[in-house]
Amino acid sequence: MRIAVPNKGRLHEPALDLLERAGLHVVDGADRKLYADTVDPDVTLLFARAADIPKYVSDGAADVGITGHDQIAESDPDNVTELLDLGFGQCRLVLASPEDGDIERVEQLDGKKVATEFPTIARNYFDEQGVDPHIVEVTGATELTPHVEMADAIIDITSTGTTLKVNRLGIIDEVLASSVRLFARDDVADDDKVGQIETALESVLSADGKRYLMMNVPEERLDAVQDVIPGMGGPTVMDIASGNGKDGKVAVHAVVDERDVFEVITEVKSEGASDILVTEIERLVE
Ligand SMILES: Nc1ncnc2c1ncn2[C@@H]1O[C@H](COP(=O)(O)OP(=O)(O)OP(=O)(O)O)[C@@H](O)[C@H]1O
Ligand SMILES: O=P(O)(O)OC[C@H]1O[C@H](OP(=O)(O)OP(=O)(O)O)[C@H](O)[C@@H]1O
Ligand SMILES: [Mg+2]
């Protein structure tokens, strides 16, 4: 099973980091190497350009891919399925034009020029809008093109909005929202190994922002403590070996949202909980 992962750019590190946290450790990765084995003898990583990854998967060079939804939509293969939103690389593809120009609406672009790195997405978008501009294909620095008479508008990626602002471009419309996805070729999407990879990555995403809370609670206070813990499916309650001054107490364990931890601790403490421990969770298989 081969997983295609971005070889550089902003998606490389977070994609590898996620695979590592999911337990798919790279065993022989070296800088600039184009493939690497993992601790799972059945799983190899291929490092490719983010834009080429949908084609690698579609054509069978890899079975599973990790890249932006925008790249999958641009490549538009008819034999891949998105399995998971991996929650990073969030951005929007937008239609934008010079702030001081007179293009303010999509309809004004009929017969005009629109520069983009995403010609397929652009063409689909304009077809839906019933507008027919010339698409000027570029491979980067798209924001420059309206200022050198190469284009009247652009369709490009924005996240913080800084690049558009610096280049005095204003958003006319949102074309596509994107984030990084795990996807597979249809003929392998139901394989056990693909399922294992999906579960492993999902377990890391599920654990993000969650904390594991442990505490000791006098038995007679258990109901009151349980009431203030918003854990998944209720907390786990265990007997504690007697002795050590723990008689009459039970151990309560619960998974709690990180943002609730402060409040929960304050409340369970006031209900009589002691020896409270908070730990991070590496993975959570639900
Ligand atoms: N500013 C951004 N914020 C969030 N995500 C982004 C941003 N720019 C790009 N992306 C996402 O990352 C993907 C790849 O962009 P990136 O810039 O890493 O690759 P690239 O420009 O092709 O890099 P390189 O040319 O070095 O290979 C995009 O398709 C998009 O999904
Ligand atoms: O809204 P912002 O936060 O400013 O981000 C948007 C910019 O980020 C990307 O470029 P990148 O930095 O990847 O450079 P590139 O043109 O070399 O791909 C994208 O192509 C935009 O230019
Ligand atoms: Mg880029």
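Atoms within a ligand are numbered from 1 in the order they appear, just like the ligands themselves. Given the structure is predicted, the values throughout are model-derived calculations rather than measurements. Atom set for the values below is all heavy atoms of this structure, side chains included, hydrogens, waters and symmetry mates excluded.
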### Query
Who passes side chain to side chain contact (heavy atoms under 4.5 Å, CB included) against D110, sequence neighbours left out?
V131, D132
Residue pair [X] / [Y], side-chain heavy-atom distance below 4.5 Å:
X	Y	result
L46	L34	no
Y212	V278	no
D208	R21	yes

Protein contact of [atom] - nearest heavy atom, named by residue and atom, plus distance:
atom	value
atom 23 (O) of ligand 1	G9 CA, 4.3 Å
atom 3 (N) of ligand 1	S159 OG, 3.0 Å
atom 16 (O) of ligand 2	A141 N, 4.0 Å
atom 28 (C) of ligand 1	D70 OD2, 3.4 Å
atom 4 (O) of ligand 2	T163 OG1, 2.5 Å
atom 22 (O) of ligand 1	R49 NH2, 3.5 Å
atom 6 (C) of ligand 2	I157 O, 3.4 Å
atom 13 (C) of ligand 1	L11 CD1, 3.4 Å
atom 8 (N) of ligand 1	R10 NE, 3.2 Å

### Query
Side chain, backbone, both or neither: which part of Q90 has a heavy atom under 4.0 Å from ligand 1?
backbone
### Message
I'd like to know whether Q226 forms a side-chain contact (heavy atoms from CB on, under 4.5 Å) with D223, so could you lay out the CA-CA distance, the side-chain angles of the two residues, the decisive distance to 0.1 Å, and finally the verdict.
### Response
CA-CA 5 Å; Q226 275 184 319; D223 284 348; 3.9 Å; yes
#### Entry: Selection from T160, T142, T162 by shortest heavy-atom distance to atom 3 (O) of ligand 2
T160
### Task
Compare G140, S159, A50 and give the one whose heavy atom is closest to atom 1 (O) of ligand 2.
S159
### Worked verdict on S179 versus Q90 for side-chain hydrogen bond (donor to acceptor under 3.5 Å, both in side chains)
CA-CA 4 Å; S179 58; Q90 275 149 337; 5.3 Å; no
### Query
Can you find an N or O of G161 that's nearer than 3.5 Å to an N or O of ligand 2?
yes
### Query
Is the shortest distance from a heavy atom of R10 to ligand 2 less than 4.0 Å?
yes
Taking atom [atom1] of [X] as the centre, does the number of heavy atoms from other residues, nucleotides or ligands within less than 6.0 Å exceed 12?
X	atom1	result
D192	CG	no
E174	CD	yes
D127	CG	yes

### Summary
Taking only non-hydrogen atoms of D156 and a 4.0 Å limit, the atoms of ligand 2 in range are 20 (O), 22 (O)
### Message
I'd like to check which ligand 2 atoms, numbered from 1 as shown, lie under 4.0 Å from a non-hydrogen atom of E143.
### Response
21 (C), 22 (O)
### Message
Taking only non-hydrogen atoms of G89, do any sit less than 4.0 angstrom from ligand 1?
### Response
yes
### Query
Within 4.0 Å of atom 19 (O) of ligand 1 (strictly less), any protein heavy atom?
no
### Query
Does a donor on one side chain and an acceptor on the other come within less than 3.5 Å for D186 and N79?
no
### Task
Indicate, with yes or no, if Y125 and V136 share a hydrophobic cluster defined by side-chain heavy-atom contacts under 4.5 Å among Ile, Leu, Val, Met, Phe, Trp and Tyr.
no
